[in-house]
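Take a look at the structure below.
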Amino acid sequence: FSALPWNLPERRNFASIGVNRVLVYLLKCIPIVRGGKRAEIGHALESVEHLLSIGEPVMIFPEAGRSRTGRVSTEAPAHGVGRVVSATPGCKVLCVYLRGDAQDTWSSMPARGDTFTIQLSLLTPSSELTGMRRSRAIAQQVIAEIAALEERYLAEYAPRWAQEPVLTSASLSEHP
């Protein structure tokens with residue numbers, strides 16, 4: 001249990017019912033409302049900062065939501081990850097990219113019987129900026145690293161759907 005990382009799930013998805021709230025906490029989760037009140041988000045992030053300061057592992061999804069393309073979006077990472085890293089001296093971030101090999105677009109569940117490939121990278125993000133700019137810069141470094149892991153996955157472990165020939169209007173005109 002001590003090796004299980006704390007997590008920040010979306011409150012509306014996992015902790016909206018009283019019984020679930022208890023289970024979520026027992027499973028080492030600190031529910032957070034994306035786009036919620038600043039004070040509530042701040043309180044959750046302060047809890048995470050405290051947990052890191054006492055050596056607890058924490059897992060944060062910096063993507064700030066699920067992509068509808070099946071690809072990592074670097075456009076709007078969650079700034080909370082940058083804030084937490086900034087508040088934790090010497091913080092190292094283990095960037096993880098996990099993908100079902102049959103996944104060709106977004107989904108909420110992997111394909112039945114799918115195999116998974118995982119890409120890892122240890123990052124020590126830093127920035128000379130201060131305040132919110134620092135948090136944004138660090139969050140951008142983390143999400144950029146995850147996007148780089150995705151590119152490496154796509155280059156090295158091209159999934160079956162990426163290897164299939166793509167019909168274009170040009171190829172159709174060549175073959176009547």
Side-chain angles (χ1 to χ4, degrees), residues 4-15 24 28-101 103-108 110 116-159 161-162:
L4 181 68
W6 286 85
N7 190 1
L8 275 82
E10 166 61 53
R11 179 181 303 275
R12 292 174 285 230
N13 294 342
F14 298 101
V24 161
K28 298 177 84 170
C29 294
I30 301 169
I32 192 165
V33 177
R34 286 189 207 112
K37 296 179 182 175
R38 286 182 186 227
E40 291 175 6
I41 293 171
H43 180 69
L45 293 177
E46 287 169 6
S47 297
V48 170
E49 292 164 11
H50 171 73
L51 290 166
L52 283 172
S53 75
I54 61 172
E56 287 284 325
V58 176
M59 177 173 56
I60 300 175
F61 292 89
E63 302 90 341
R66 288 194 176 154
S67 161
R68 293 300 182 226
T69 65
R71 299 288 306 267
V72 173
S73 172
T74 59
E75 297 303 312
H79 300 135
V81 70
R83 174 183 161 172
V84 168
V85 170
S86 292
T88 310
C91 186
K92 294 187 184 309
V93 177
L94 179 62
C95 297
V96 178
Y97 180 77
L98 175 69
R99 186 180 186 109
D101 294 332
Q103 180 183 349
D104 62 348
T105 186
W106 74 276
S107 64
S108 56
F116 294 87
T117 300
I118 189 169
Q119 299 280 333
L120 304 171
S121 176
L122 189 61
L123 180 67
T124 306
S126 63
S127 174
E128 297 299 319
L129 300 171
T130 60
M132 182 57 94
R133 288 183 186 169
R134 177 181 176 89
S135 295
R136 285 187 196 133
I138 288 175
Q140 192 61 49
Q141 289 173 42
V142 172
I143 201 71
E145 183 66 19
I146 294 170
L149 291 173
E150 177 180 56
E151 291 303 321
R152 190 171 87 193
Y153 165 82
L154 293 173
E156 293 178 23
Y157 304 98
W161 53 266

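One-based numbering along the sequence shown. Below, each value reflects all heavy atoms present in this structure, side chains not excepted, and no hydrogens, waters or symmetry copies.
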Query raised in the report: Do NZ/NE/NH1/NH2 and the carboxylate oxygens of Arg133 and Glu128 come within less than 4.0 Å?
Result: no
Query - Check: Val142 and Glu145 side chains under 4.5 Å, non-hydrogen atoms - result: no
Report summary line: Contacts satisfying ring pair (Phe, Tyr, Trp, His ring centres under 6.0 Å) that involve residues 72-99 (not counting sequence neighbours) are Tyr97-Tyr153
Requested in this report: Check whether any side-chain N or O of Arg83 sits under 3.5 Å from a backbone N or O of Ser135 as a donor-acceptor pair, and report yes or no.
Outcome: no
Query raised in the report: What's the verdict on side-chain contact (heavy atoms from CB on, under 4.5 Å) for Leu45 and Leu8, showing C-alpha distance, side-chain angles and the deciding distance?
Result: CA-CA 9 Å; Leu45 293 177; Leu8 275 82; 4.1 Å; yes
Requested in this report: Indicate the atoms forming the closest heavy-atom contact of Gln141 with Leu123, along with that distance.
Outcome: O-CD2, 3.8 Å
Report task. Rounded to the nearest 0.5 Å, what's the gap from OG on Ser86 to CD on Glu49? Could you check? Result -> 9.0 Å
**Report entry** Nearest-0.5 Å distance that lies between atom CG in Leu4 and atom CD in Glu56
**Finding:** 9.5 Å
Query raised in the report: Should Val81 and Ile138 count as side-chain neighbours, where that means a heavy-atom distance under 4.5 Å?
Result: no
Query raised in the report: Closest heavy-atom contact between Thr74 and Gln140?
Result: O-NE2, 3.3 Å
Query - Minimum-distance pair of heavy atoms, taken over all atoms of Pro110 and Phe116 - result: CB-CZ, 3.4 Å
Query raised in the report: Looking at CG of Leu98 and CD1 of Ile146, how far apart are the two atoms once the value is rounded to the nearest 0.5 Å?
Result: 11.5 Å
Query raised in the report: How close do Pro9 and Ile30 get, heavy atom to heavy atom, and via which atoms?
Result: CD-O, 3.7 Å
Query raised in the report: Roughly how far, to the nearest 0.5 Å, is the CG atom of Leu120 from the SG atom of Cys95?
Result: 9.5 Å
Query - side-chain contact (heavy atoms from CB on, under 4.5 Å) assessment of Leu154 paired with Arg71 - result: CA-CA 10 Å; Leu154 293 173; Arg71 299 288 306 267; 3.3 Å; yes
Query raised in the report: Checking Glu150 side chain against Val72 main chain: does a donor-acceptor pair fall under 3.5 Å?
Result: yes
Query raised in the report: How many angstroms lie between atom CD1 of Ile60 and atom CG of Leu52, to the nearest 0.5 angstrom?
Result: 7.0 Å
Query raised in the report: Which heavy atom in Leu129 sits nearest to a heavy atom in Ala137, and how many Å separate them?
Result: CD1-CB, 4.1 Å
Query raised in the report: When rounded to the nearest 0.5 angstrom, what distance separates OG1 in Thr117 from CZ in Arg99?
Result: 10.0 Å
Query raised in the report: Going through the checks in order, is the side-chain contact (heavy atoms from CB on, under 4.5 Å) test met by Ile143 and Glu63?
Result: CA-CA 7 Å; Ile143 201 71; Glu63 302 90 341; 3.8 Å; yes
Query raised in the report: Shortest non-hydrogen contact from Cys91 to Pro125?
Result: O-CD, 4.1 Å
**Report entry** Step-by-step side-chain contact (heavy atoms from CB on, under 4.5 Å) determination, Val58 to Val84
**Finding:** CA-CA 10 Å; Val58 176; Val84 168; 5.9 Å; no
